[in-house]
Amino acid sequence: MNEELTKAYNPTEHEDVIYKKWEESGFFNPDVCIEKGITSDTADYFSIVLPPPNVTGTLHMGSAFMLAIEDIMVRYNRMLSKKTLWIPGTDHAAIATQSKVEKLIQKEEGKNRHDLGREEFLKRVEKFAKENHDIIVHQMKKIGCSLDWSREAFTLDEKRNLAVKTVFKKMYDDELIYRDYKVVNWDPKGQTTISDDEIVYEERKAVMYTFKYSKDFPIAISTTRPETKVGDTAVAVHPNDERYKKYVGQTFEVADFAGEKLSIKIIADESVDPEFGTGALGVTPAHSQIDWDIAQRHQLPLKPVINEYARMSVDSSLLKDKKVTEAREIIVQWLKDNSLMLDEKETPQNISTAERTGGIIEPLPKLQWFINVNKEFERNGKKLTLKKLMLSAVEDKNINIIPERFEKEYTHWIENLRDWCISRQIWYGHRIPVWYRTKQSLNKTLEYETYCNIEAPKNDSNKPDWFQDEDTLDTWFSSGLWTFSTLGWPDQTEDLKNYHPTTVLETGYDILFFWVARMILMSTYVLGEVPFKNVYLHGLVRDNQGRKISKSLGNNLDPLDMITKYSADAVRMALIVGTGPGNDTKISDEKLKAYKHFANKIWNIARFVLDNSQDQNLEIPENKKYLDEFEALTKDITVDMENYRFYLAAEKLYHYTWHTFADIIIEESKKNENTKKILMFLFKEQLKLLHPFMPFITEKIWSLFPNSKNLLMVEKWPSLS
RNA sequence: GCGCGGUUAGCUCAGUUGGUAGAGCGCGUCAUUGACGUUGACGAUGCCAGAGGUUCGAGUCCUCUACCGCGCACCA
């Protein structure tokens, strides 16, 4: 017996050595496969970009799940001799990373980012990002990912920055990107705007107060946020509401509302529900998205009363500089003291919080950059909008979403989509490629000239200097370009020609809108083609109690620990088997243990086969049933692979190997010399089928067989006759 | 409010197009000294959430109900 074949399989002894062999072979890079004659230059391609993990932290079991699925796809397709490319990368994750580093510095040094200054702070963030990056790369290798490291990208590196600036300028020139002053989602904690999608709703109990602005005010209104009411400039009622019709058009002056003067115009607007509350809506244009819209329709004045620190910015001594929550109590008390409060009722309410910082969102009017999703533009004589592009990509089946049910969710989301606020008041990210300089105007108000381009404009000695926009871009702007920015765009590279649109995008259903939709937007707009032909959505990995993995619960499992304990192959199998697309999965010790045992079983099968069989003598008629059976299995597995049913393929392989090959065929071979003769052949073919799922152990065993010159990873997938 | 998913053996879950229920773990009985005890053989356990319908036939299709989870919208 081969002395390398210890009685029990010891993964740690082999895994790193094998990964190194793979890397040294260069076969992760399709160019090398072509060069070495393993893949034909004219073969079909299979390409996939890695959803870049955030450098905020290191990988968790959810990432391991994603990597396992993708590596299975990639290894399978490579074995089909396709030109197979899987591009690695990491994501700078702007807000997430910045706020994490800010917290760290605050905790360790008691300083904030302004104490350090932009330059020094960014250095710290970059150091932090680099450290996490290195760990992430190490983790991905431990899991066995056959990523082409020679093409590794980072969402914030120079090449990607060029892509970002190029797209920004193109959209700016097409007037799809615009700058405007309007109500945005302001996160007082993170001190930045965020997009609608970055809001997380939390249900809390609130009190609905019904009151009048003053004793002689004719209409009562209801609100859960009395403190914003000092910013009211109108009361809106439904046009057909008989109760209030007579007041429409009038303006009422309120001399003292908690120390503020109000001027309230009564307006009629269809959007008001006469059944809700008093049927009258106090309009606060500066601090509500909906009220802002109403104010636009009726040319109402704007009265901001809350600042960026969620404090009252009014003159009233009662409220000035008070936190909004304090101001609420003060006003409630004031209303009661003045006998203006008519009703208080507890009510459930969804409050908006920022996904990354948990801060309570304060709608504020601000000058920001937006992508207009409804503006028409022409292409090939067709009138399009970004929304239409996003919708038709899926509706016309240019993109196929797996599982299908998410297509509906996608469509529904796009239909409700509003302009995307892309500017962030944070430092870590792609700086907006826009410069301004002051222009003297006749009436002495300041006006700016605006310049948008890839490179900064040259200063003119006769004129004031240009200065760049301070803001950075939403991280999803750069992620949206990922399928083509990683292939070298804006250069017209060979990679772009060869591998775009990518074959499949594999990612979690939780970022369908954040990311998948944005990639579709960017690619269809910039390149005029979809970013990928298929979307495979996986679910969440939960702990054994079904809870989401989260830091506060402390139930995060480090894939590296699991690998040490059970082997990379076992971790992959435990994650894959039984978990269909779009379904959440639970990870448990029992499952991991079961596949560790399976690896050992395979190992011992190898020991037996090597001792008892040779690579020959297939043509024995009495073994035909075994060969037929195997061919049926191969076919079954192949169909599953083609249809993204990895969870079924893996399970079937498990059963065949253990309960057919080991329990029946090997047992039979102990009694029948003829059966022995096909063991080697059958087992080698099985190793090929198993390889995408359990790459390490299969590669190791493969290397122990006689006549195995090539690495298993580039062997041909068993063919169907 | 609109929509989606789940509800199958003690536990965790499969069941791709409708043909009298499956796996792993756990449990029981037995076997086995050399591929593997990280083993093998055999076995027990299910009104497939509930009600109705289509069908020769439904876990699988349709309708409704209940509970759990999720997304979106509303949130004056």
Side-chain angles (χ1 to χ4, degrees), chain A residues 1 5-9 196-197 201 203-204 206 208-210 220-226 228-229 232 235-237 271-273 275-284 288-291 294 347-352 403-417 509-510 512-513 539-540 542 544-546 548 566 570 574 577-580 582-612 636 639-640 643-645 647-652 654-655 658-659 662-664 666-667 669-670 679:
Chain A
M1 180 168 291
L5 282 165
T6 53
K7 214 167 174 185
Y9 175 58
D196 295 345
D197 318 281
Y201 295 104
E203 193 169 297
R204 293 191 190 173
M208 178 78 80
Y209 302 96
T210 302
I221 59 159
S222 299
T223 184
T224 54
R225 297 201 58 190
T228 65
K229 298 287 105 181
D232 282 13
V235 164
V237 298
S271 70
V272 179
D273 175 4
E275 304 293 319
F276 193 99
T278 62
L281 160 66
V283 183
T284 323
S288 155
Q289 193 74 248
I290 291 175
D291 293 9
I294 295 175
T347 172
Q349 187 197 26
N350 282 334
I351 64 153
S352 312
E404 209 173 347
R405 65 184 140 96
F406 284 102
E407 286 184 7
K408 218 177 209 174
E409 234 172 74
Y410 172 85
T411 307
H412 185 242
W413 181 81
I414 307 241
E415 279 161 358
N416 284 307
L417 186 63
Y509 65 70
D510 52 332
L512 177 60
F513 308 134
L540 270 36
R542 297 172 177 276
N544 54 7
Q545 293 168 56
K548 262 190 187 177
Y566 300 105
V577 174
T579 311
N583 288 349
D584 293 351
T585 183
K586 284 177 198 164
I587 191 77
S588 64
D589 281 332
E590 292 80 55
K591 210 171 173 187
L592 286 159
K593 220 157 63 184
Y595 291 102
K596 187 186 176 187
H597 293 177
F598 182 49
N600 192 61
K601 186 76 183 178
I602 296 175
W603 185 253
N604 280 290
I605 290 172
R607 296 177 67 208
F608 185 86
V609 170
L610 272 166
D611 273 0
N612 291 285
D636 209 9
V639 171
D640 282 340
N643 289 287
Y644 300 93
R645 294 192 296 255
Y647 64 113
L648 288 182
E651 199 178 354
K652 286 172 187 168
Y654 173 89
H655 280 278
W658 201 312
H659 300 300
D663 292 350
I664 297 173
I666 287 186
E667 288 308 317
S669 79
K670 290 178 182 169
L679 289 181

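Sequence lines set the chain letters: A, B, ... in the order given, protein chains first and strands last, and positions in each chain run from 1. Just so you know, these numbers use all the heavy atoms, side chains as well, and skip hydrogens, waters and symmetry mates. In this text, all values refer to a predicted model and were calculated from it rather than measured experimentally.
Of the possible polar contacts, none joining the A:K596 side chain to the A:A570 backbone as a donor-acceptor pair under 3.5 Å is found. Judged by distance alone, the side chain of A:N583 and the main-chain N or O of A:T579 form no donor-acceptor pair under 3.5 Å.
A donor and an acceptor atom never sit less than 3.5 Å apart when one is taken from the side chain of A:E415 and the other from the base of B:rA73.
For the pair A:H597 NE2 and B:rG24 P, the interatomic distance rounds to 14 Å; values are reported in whole Å. Rounded to whole angstrom, the span from the CD1 atom of A:I414 across to the P atom of B:rC72 amounts to 14 Å.
Residue contacts for A:D584: at a heavy-atom cut-off of 4.0 Å it reaches no nucleic acid atom on any strand shown. Contacts of A:G277 with the nucleic acid, taken as non-hydrogen atoms under 4.0 Å apart, are absent. The residue A:T224 sits close only to the backbone: its heavy atoms come under 4.0 Å of sugar-phosphate atoms, none of a base. Nucleic acid contact class of A:K229 (heavy atoms, under 4.0 Å, all strands): none. In this structure, A:R645 reaches the bases: a heavy-atom distance under 4.0 Å links it to at least one base atom across the strands shown.
Contact annotation: A:Y647 side-chain N/O to B:rG15 OP1/OP2 distance is under 4.0 Å. Proximity of A:K7 to the phosphate of B:rC36: a side-chain N or O atom is located under 4.0 Å from OP1 or OP2. For the OP1/OP2 pair of B:rG24 and a distance below 4.0 Å, the side-chain nitrogens and oxygens of A:H659 include at least one atom meeting the criterion. Taking 4.0 angstrom as the limit, A:K586 places a side-chain polar atom (N or O) nearer than this to OP1 or OP2 of B:rC13. Between A:N583 and the phosphate of B:rA14, there is a side-chain N or O to OP1/OP2 separation shorter than 4.0 Å. For the pair A:K601 and B:rG40, the criterion of a side-chain N or O lying under 4.0 Å from OP1 or OP2 is met. The shortest distance between the side-chain N/O atoms of A:K408 and the OP1/OP2 oxygens of B:rC4 is below 4.0 Å.
For A:K593 and A:E590, the salt-bridge test fails: no basic side-chain N is under 4.0 Å from an acidic carboxylate O.
Relative ring orientation between A:Y654 and A:W658 is described as tilted, the plane-to-plane angle lying within the 30° to 60° band.
Within a 6.0 Å sphere centred on CD of A:E404, heavy atoms belonging to other residues, nucleotides or ligands number 12 at most.
In this structure, B:rG1 forms a base pair with B:rC72, meeting either the Watson-Crick or the G-U wobble geometry with both donor-acceptor distances under 3.5 Å.
Rounded to whole Å, the separation between the P atoms of B:rU29 and B:rG19 comes to 37 Å. Remark: the separation of the C1' atoms in B:rC36 and B:rG28 is 24 Å, to the nearest Å. Here the separation of B:rG34 from B:rG46, taken at their C1' atoms, is 42 Å to the nearest Å.
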